[in-house]
Every structure is written in C-alpha cells, then in structure tokens.
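In what follows, a structure is listed as structure tokens, so that the remarks can point back to it.
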Amino acid sequence: MEILNEARAVYSEIQAVRHQLHRCPELGHREVETTRLIRACLEEYGAEVLDYGFPTGLAARIRGGHPGKLLALREDIDALPILENTGLPFASQTPGVCHACGHDVHTAALLGCAKLLARRREELWGDVLLIFQCGEETFDGAAAMLSRGLFRDGTPHAVVGFHCAPDLPLGTISIREGIANASCDSIRLEVTGKGGHGAHPELCVDPVVLSAGLLMQLQTLVSRNNNPADPVVLTFGEIHGGTAPNIIPNTVTLRGTLRTLDNDVRRRHLEAIAQIGEDFCRTFGGSCTAAVELGVPPLVNDPESCRLLHRAADRVLGPDCVETGRAPSMGSDDFSCLLEECGNRGVQFQLGTAQEGLPQSGLGLHVAENIFPDEALLPGIALLTQFALDDLSPNR
Ligand SMILES: [Zn+2]
Ligand SMILES: [Zn+2]
C-alpha cells in the first residue's frame with residue numbers, strides 16, 4: 001500500500017495534467033502539444049528525455065542507481081475523431097476530436113509513475129524506458145517509433161502497460177496470460193468489370209453485382225474454411241462505386257479488416273481473400289486485385305510477466321482485485337508490435353474504469369458519452385510503479 005500512498009500524494013498534480021491532456025486531444029501523429037506537455041512534465045520530474053527525433057511521441061529513461069536490466073513501460077497518447085459528448089467540465093476544446101479511448105488517462109498515469117520512479121531511482125537495479133507512443137489508433141505508431149530507433153540503446157527485457165476498460169469495475173484489473181488481443185490487417189479489393197448503360201447489362205460486366213457476390217463468398221471463408229476453434233473476424237466496412245442509378249461503373253472498391261488470434265490463421269486468410277477475389281471475379285468475366293496493408297500481430301502476454309504483475313496488483317490493490325479469466329478480445333492494440341520486438345516478454349493489462357454510481361463510465365471505448373474517471377489514475381500509477389520496482393529489484 002506504500003506505493004498507493006505515494007500515488008495519492010501526486011494525485012492532484014497528475015489529475016490536473018490529465019485534464020489538460022483531455023482538453024487538448026490530438027489525432028495520431030499530430031500529437032504536437034501533447035508531446036510538448038509530456039516533455040515538460042518529464043523534465044520537471046528529472047527523467048532523461050531521449051533525443052530520438054520522433055516527430056511526435058516521446059521516449060525517456062530513468063537510470064537506476066545500480067546496473068541491471070532495461071524495462072519498458074508504454075502508454076499511448078493519441079485521441080480519436082469523435083465529437084465528445086461527456087458533459088465534463090474539462091471536455092475537449094477541439095471540435096470533432098476527443099479522448100474517447102482513455103489515452104489521456106494512460107499518458108497521465110505513466111507521467112505519475114515517472115515522477116514516483118525518478119524519486120526512487122537509487123533503488124532500481126537497471127533502467128526504465130518510458131514510451132509515450134504516438135498513433136495507436138492508426139495502428140502504426142509503435143512501428144513508426146521502432147523504425148526511428150526506439151530501442152537503439154538496447155532492447156528492453158520486457159514491456160508493460162495498460163489499457164482502460166469501461167467493462168471492468170474501478171479498482172480491479174484484468175490480466176490475461178497468453179493471447180489477449182487479435183491481429184489487425186487492412187484489405188483493399190479493387191473489383192473491375194466493364195461499365196456501360198444500366199439498361200444493357202448484357203453489354204457490361206457489372207462490378208457492383210460481382211462485389212455483392214464476392215462479399216458473401218468471402219464470409220464463407222470464416223464459416224466454411226476456418227477451424228471454428230480459431231476465432232476470425234472479417235469485416236468489410238467500406239464499399240465505393242458508381243455515380244448514378246442507371247450507370248454500371250467500371251470498378252468498385254471494397255475495404256475491410258481481418259482479425260485473428262494466430263499468425264498462421266492470419267496468413268492463410270490473407271492469402272485466401274486475394275485468391276477468392278481473383279477466382280470469383282474471373283468466373284464472371286471481371287477481375288480483382290487485392291492489396292493488403294499489414295497491421296499488427298496478435299497480442300500475447302507472457303506468463304512470467306503476468307505472475308509478477310499479479311503479485312504487484314495484490315500488494316497495491318489488495319487481494320481479489322485481479323480477474324484472470326477474461327476472454328481474448330478481437331480488438332487490437334499495437335502494443336503487440338513492441339511486445340513482439342521484446343521477444344514476447346511483457347504484458348498489457350486492462351484497468352477497470354467503471355465507477356459505481358456513474359453509468360456513463362461503463363458505456364465503452366470509442367463512445368462519445370463515455371467518462372473515464374480521474375480515480376482510475378491512482379491504480380494506474382501505483383501498479384506501473386510497483387511492477388517496475390519489483391522487476392528491477394535485486395531480490396526478485
Ligand atoms: Zn481505441
Ligand atoms: Zn485505446
């Protein structure tokens with residue numbers, strides 16, 4: 001409970017930072033003011049801001065008093081293109097952009113943790129790399145920071161972080177050992193036929209009808225080709241084509257997302273989507289080209305980090321505050337890219353943010369009305385700090 005008390009002591013200061021972040025949300029890769037604020041806080045707390053030249057996002061290091069391992073703590077800092085409707089006094093002042101995924105809570109909690117760890121640096125056997133990641137919602141921020149040398153001064157032995165969970169009670173967390181989140185890739189299918197007059201389909205190859213048939217055919221991949229024990233989601237959220245009801249267009253574009261919990265299943269489906277697109281459209285005299293934008297791998301939490309985190313949670317939050325039986329989510333987080341880079345050592349846990357008596361805190365992620373209560377900062381700060389202290393302790 002000692003760390004929780006230290007977190008309480010910095011709470012009002014970190015709460016103010018959180019409100020400032022929440023008021024000025026910025027979309028992925030445009031987090032300029034957010035990055036500036038994070039830098040100012042870290043410099044004040046005595047963490048060493050690393051000059052890695054990221055356009056947005058930031059890394060900093062807390063050098064321990066003794067030599068040892070390097071542990072990474074990561075939170076994301078970007079907002080969403082949603083018009084906030086929470087009614088909070090510190091609501092977004094940027095129309096159409098808000099922190100509806102709780103990343104302002106993530107960022108502020110990691111700042112609070114940085115403040116506590118910087119004070120206790122003499123106790124650390126090793127260093128902490130603090131990662132304030134840009135562009136999580138765009139699924140490319142982790143990759144962008146890695147490609148610019150995020151780990152240039154050493155690959156961390158593990159990476160740890162959390163995400164807010166409006167479906168879990170405040171004061172509890174969820175730790176899922178093994179697979180926790182799905183992979184996510186984007187697919188773009190360009191269906192080409194032969195355009196012409198809507199009254200003379202016999203002279204055309206209609207890409208609209210081809211696309212309709214292809215969409216249904218692709219869904220049978222999940223229901224007929226896939227092992228039902230391997231969860232797969234294939235969603236096409238965009239169809240673009242045509243200019244008038246009586247004109248058959250030349251092309252139709254479909255854009256979708258594939259989610260899987262396994263890299264082999266992922267690869268097989270991506271190949272099959274392209275193949276079925278090509279074969280199906282050729283059967284009816286058209287053609288189809290597939291472009292895959294590889295996103296993020298599945299997120300896999302390693303058992304050892306989960307055990308250490310569970311122990312830290314028992315100490316900080318008290319017993320019975322950890323849920324371990326949560327089903328994997330088909331949602332994705334590019335935390336998995338950092339995990340993969342660290343040899344799949346580390347864990348992302350879910351931090352409960354549903355507050356009793358405040359139904360608006362249980363609506364869900366990416367919901368304009370959802371409120372992430374300030375009180376979630378306390379367990380967030382305390383747990384990240386306790387984990388780092390335990391992980392970098394000589395008698396672990
Ligand atoms: Zn999100
Ligand atoms: Zn998020």
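This structure is a prediction, so every number in the text was calculated from the model and none was measured. First listed ligand is number 1; within each ligand, the first listed atom is number 1. Computation of the quantities below employed the complete heavy-atom set of this structure, encompassing side-chain atoms and omitting hydrogens, waters and symmetry-equivalent molecules.
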How wide is the angle at the Zn ion (ligand 1) between NE2 in His366 and OE2 in Glu137, to the nearest 10°?
110°
If we only count heavy atoms from C-beta on, is the Thr35 to Glu26 side-chain gap below 4.5 Å?
no
Cation-pi, Phe236 ring and Arg255 (6.0 angstrom, 45 degrees):
no
Taking NZ, NE, NH1 and NH2 as the nitrogens, is one of them in Glu13 or Lys115 under 4.0 Å from a carboxylate oxygen of the other?
yes
Here the vertex angle at the Zn ion (ligand 2) for NE2 of His103 and NE2 of His163, given to 10°, is 120°
Within the stated cut-off of 2.8 Å, is an N/O/S atom of Glu136 closer than that to the Zn ion (ligand 1)?
no
Quick check: does Cys101 put an N/O/S atom under 2.8 Å from the Zn ion (ligand 1)?
yes
Please verify the inter-ring angle class for His197 with His200; under 30° counts as parallel, over 60° as perpendicular, anything in between as tilted.
perpendicular
